[in-house]
Every structure is written in structure tokens, then in C-alpha cells.
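Reckoned from all heavy atoms, side chains included, excluding hydrogens, waters and symmetry mates. When a ligand or atom number is given, it counts from 1 through the structure's own listing order.
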Amino acid sequence: EKGGYASFMLKEIAEQPKAVADTLLGRIDTAGRLTLDEVRIPAAVLREADKVVVIACGTAFHAGLIAKYAIEHWTRIPCEVELASEFRYRDPILDRRTLVIAISQSGETMDTLMALRHAREQGAKVLAICNTNGSTIPRESDAVLYTHAGPEVAVASTKAFLTQLVACYLLALYLGQVRGTKWGDEIHAVVRELARIGDEVDRVLETMEPVRALARSLAHKDTVLFLGRHVGYPVALEGALKLKELAYMHAEGFAAGELKHGPIALIEDDLPVVVVVPSPRGRSVLHDKIVSNIQEIRARGARTIVIAEEGDESVAPYADHLIRVPATPTLLQPLVATVPLQVFACELATARGNEVDQPRNLAKSVTVE
Ligand code: M6R
């Protein structure tokens, strides 16, 4: 049951610190090494893989987009991410050295299932990242890495998304460990950080009241735009998807670098634009570019809603609303930056009188193609 929350979605948002911790449980040993014994794909196969292809739909696809940054950075294996519904219809190039990762909360999404069947027919090895024990996708895969989010009832995916990210990071780190690529201080620092990220998510949840108030004040708006770069770009897409499915608003996510290639023409007076700012410490060039983007859109009238790391003062003069998230390694930022966007969408939907757990026209798992 809802355990005192007004909706399953609110309950599931609140359960995220535990879901994240449960998904990490028993998978990092005391020496900071990954112990994914349950990934039954032999190490030799993982060592020889020359390409990773991630297939998924909706929110799980956004987790896949983020996984690409982690996999390529930590393992140096080329990684493609594709919507499962597009994948098999374009005759993708797959062979025995391709590792396919199918991400699905329900394990029953037909598009993802058909794509993984196609991949296996071509000889690729398929590893599922799934939240539902014994469901079809893991049963039909060569191996499975379960997320331990617990049952997700609300149609909008929240805690499953965060645990999909954790599973993707674990898998990317594990691939790096098995292949001996980039295994050093940087990786150990990430593993240490990952081990305590549940607490950071908890801290974010404690500071959400201003986000809720902001959401309520925007309930009459027609459009909200979301901008991000690097791993913040899929976070922007996820924020927009949440708003579409829950608040039935026009919401779009863009890569901030694309602004001047078209989307900036959409900016008009008082248009809410959410900007996910990368850490100033990691890829600082990107950070500075996004701060310029914020200035550019603000000069054209946008109402800027800025999600930035604690201590990043450079954004303050250009933020109409500033949402702080804890500092994390660059690649892990989506785990904290997504949470305010979930709360924002849920509150906006409620303010508009929508049914948050059961949005119109949607089903929890899409079992038709
Ligand atoms: O069960 P799956 O993870 O395979 O579902 C994929 C999508 O249908 C799902 O993430 C959908 O986009 C959610 N409603 C998003 O909140």
C-alpha cells in the first residue's frame, strides 16, 4: 500500500535511497572491487567484446544513454544506445563479440524483448538489467543483473530508473575491472562515491520543498524546456518525459550545445527552462559553456531553473530559481540531478489535478509492439 503517501509515485520517490543501497548490496567488496558473480557471462567473453549495444525504451532508454558515457569512459569499448523499437528494423550489425545490454524495469516490454531476440539470433550475448525476477526479458537473456528497487507501481518510473543507473555503473566498472582498462585511483574514487550515493539522494529529498512550491507556481504554463550536456543531457530528456506523461505538458529536452542550432528560437518571455549544470570540477569546459547558455536564454527572457552542485557560485547570478544537489563525480551526477525533476513533475501534475499514478493513455508495462 501507499504507506501514508498521497500516491505510489511519491512513495517510490522517497524509497530511492534504499533502492539504490539495495542494488549496491553485496556487489562491492571491502577492497572496493566489484563482485558481480551473478553475471554469468564468462570473463573471456567480456574481455573479447568489441562493442556494447544498449537497447531499451522510455526511461530505461535514458538510463542507457547515461550508461554509454560510463562504459566508454571506463572501458574504452565503443557503445551504442538505441531505442528498442527502432533497433531490429534497421538490420543492425551484431556478432558474437557484441555485448547487448537490455534494460527493462518490468522485463515484459515487447519492443525490448523483440530486439533482444533479434540480437541473440545474430549471435550476440545479451545481458539484461531488470527489476522483475523471473520475467520474460531476463529469462530469454544470457545473463541478468537485477536491480533491487522493489515493486514499482506508479506508471512513471522513478526508483527503477535510479537503480538502472546504479546497475549500469556497476556493470561498466566491472567490465573495466575484468578487462583491466583504466583501473586505478579514478575508478576507486568512483566506487567509494557510489557506495555512499544513497545518502546523497536522501539529502536531495530533504530539500525538495522549494521545488514543490516552484512546480505549483508553474501549473498554468504550457511548455517547459530542459537543457543539459554530457550526462546531464539524458537527465534533461528524462525530466521532459516525466513532465509529459504526468502533467500532460509540452516538455522537451535538448543538448545545451544544440541551442544555437535551432531551439533557442523557442525562448520567449517567462518560458521556464530547466538547466542541468555539470560539476565545475570535472569537465569544467562544459560547465562554463552551460553557464554561457544560461546567460543567453535569460537575456532572451527565459525563466531559468538551474540545477547545480553545492558550492558552484558561478550560476547564482543567472538563476531565477536555484536547486542545489550534492557534489558527485561527473558521471554519477544523474543519480542526484534526476530526483528534483521527478518531484517537480509529480507536484506539477498534482497541481493540475492529474492522477499521478495512472496517467491517461499509459500502461505500466507495454506488452505490445
Ligand atoms: O518496463 P520497462 O523499463 O521496459 O519500460 C520501459 C518504458 O515503457 C517506461 O520506462 C516508460 O517510459 C515509463 N512510463 C516512464 O516513466
Side-chain angles (χ1 to χ4, degrees), residues 7-13 15-16 19 23 54-67 81-88 100-117 119 126-141 144-168 226 234-249 251-253 334 338-339 341-346 348-349 354-369:
S7 63
F8 280 106
M9 185 177 177
L10 280 174
K11 174 171 178 266
E12 289 161 8
I13 288 174
E15 284 170 349
Q16 292 184 113
T23 300
V54 185
I55 47 174
C57 302
T59 288
F61 172 70
H62 298 154
L65 290 175
I66 292 164
V81 190
E82 187 148 358
L83 290 166
S85 54
E86 289 292 321
F87 181 70
R88 73 189 175 116
V100 171
I101 302 174
I103 308 177
S104 174
Q105 187 284 130
S106 63
E108 302 296 346
T109 299
M110 188 56 77
D111 290 306
T112 310
L113 179 62
M114 297 311 266
L116 91 80
R117 282 186 185 157
V126 177
L127 187 146
I129 290 179
C130 185
N131 196 46
T132 312
N133 261 303
S135 56
T136 312
I137 287 172
R139 272 195 280 117
E140 293 207 16
S141 298
V144 53
L145 182 58
Y146 278 109
T147 50
H148 297 303
E152 192 180 63
V153 177
V155 165
S157 188
T158 55
K159 60 176 181 170
F161 176 67
L162 257 60
T163 61
Q164 284 161 355
L165 291 179
V166 169
C168 289
F226 293 77
V235 171
L237 296 177
E238 175 62 7
L241 177 61
K242 284 283 132 349
L243 210 56
K244 282 176 217 169
E245 69 177 337
L246 294 165
Y248 318 149
M249 287 167 87
E252 269 196 84
T338 306
V339 175
L341 303 184
Q342 299 167 340
V343 172
F344 182 70
C346 185
L348 239 162
N354 298 352
E355 169 53 66
V356 288
D357 287 337
Q358 284 290 337
R360 67 186 182 198
N361 308 340
L362 290 171
K364 181 63 182 163
S365 70
V366 184
T367 53
V368 290
E369 254 196 294

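Of all atoms in ligand 1, listed by their number and element, those nearer than 4.0 Å to a heavy atom of Gln105 are 1 (O), 2 (P), 3 (O), 4 (O). Proximity to Lys242 (heavy-atom distance under 4.0 Å) selects the following atoms of ligand 1: 15 (C), 16 (O). Listed by number with element, the atoms of ligand 1 under 4.0 Å from a non-hydrogen atom of Ala156 are 16 (O). Heavy-atom contacts of Ser157 reach the following atoms of ligand 1: 15 (C), 16 (O) (cutoff under 4.0 Å).
Of the protein's heavy atoms, Thr109 OG1, 3.3 Å lies nearest to atom 2 (P) of ligand 1. Scanning all protein heavy atoms for the shortest distance to atom 8 (O) of ligand 1 gives Val366 CG2, 4.2 Å. For atom 1 (O) of ligand 1, the closest non-hydrogen atom of the protein is Ser106 OG, 2.6 Å.
Taking the side chain as every heavy atom from C-beta outward, Leu237 and Leu65 approach each other to under 4.5 Å. When side chains are defined from C-beta on, Met110 does not count as touching Val366, because their heavy atoms never get closer than 4.5 Å. In this structure, the side chains of Val100 and Leu127 stay at 4.5 Å or more apart for every pair of heavy atoms.
A salt bridge does not link Arg360 with Glu245: none of the charged nitrogens is closer than 4.0 Å to a carboxylate oxygen. The pair Glu252-Lys244 does not meet the salt-bridge criterion, since no charged nitrogen lies less than 4.0 angstrom from a carboxylate oxygen. A salt bridge between Glu12 and Lys159 is absent, with no side-chain N of the basic residue lying under 4.0 Å from a carboxylate O of the acidic one.
Backbone and side-chain nitrogen or oxygen atoms of Val155 are examined, and one is located within less than 3.5 angstrom of a nitrogen or oxygen of ligand 1. At a 3.5 angstrom cut-off on N or O pairs, Thr59 counts as close to ligand 1. For a threshold of 3.5 Å applied to N or O pairs, the pair formed by Ser365 and ligand 1 contains no separation below that value. Here's the thing with Thr112: none of its N/O atoms is less than 3.5 angstrom from an N/O atom of ligand 1.
Under 4.0 angstrom from ligand 1, the non-hydrogen atoms of Glu245 all belong to its side chain. Here Lys364 has no heavy atoms under 4.0 Å from ligand 1, in either its backbone or its side chain.
Heavy-atom proximity to atom 6 (C) of ligand 1, evaluated over Gly58, Ala154, Ala56, Cys57, is greatest for Cys57.
The closest side-chain donor-acceptor pair between Gln16 and Gln342 falls under 3.5 angstrom. Side-chain atoms of Thr136 and Glu108 include a donor-acceptor pair closer than 3.5 Å. If you check the side chains of Thr59 and Lys242, you find a donor sitting under 3.5 Å from an acceptor.
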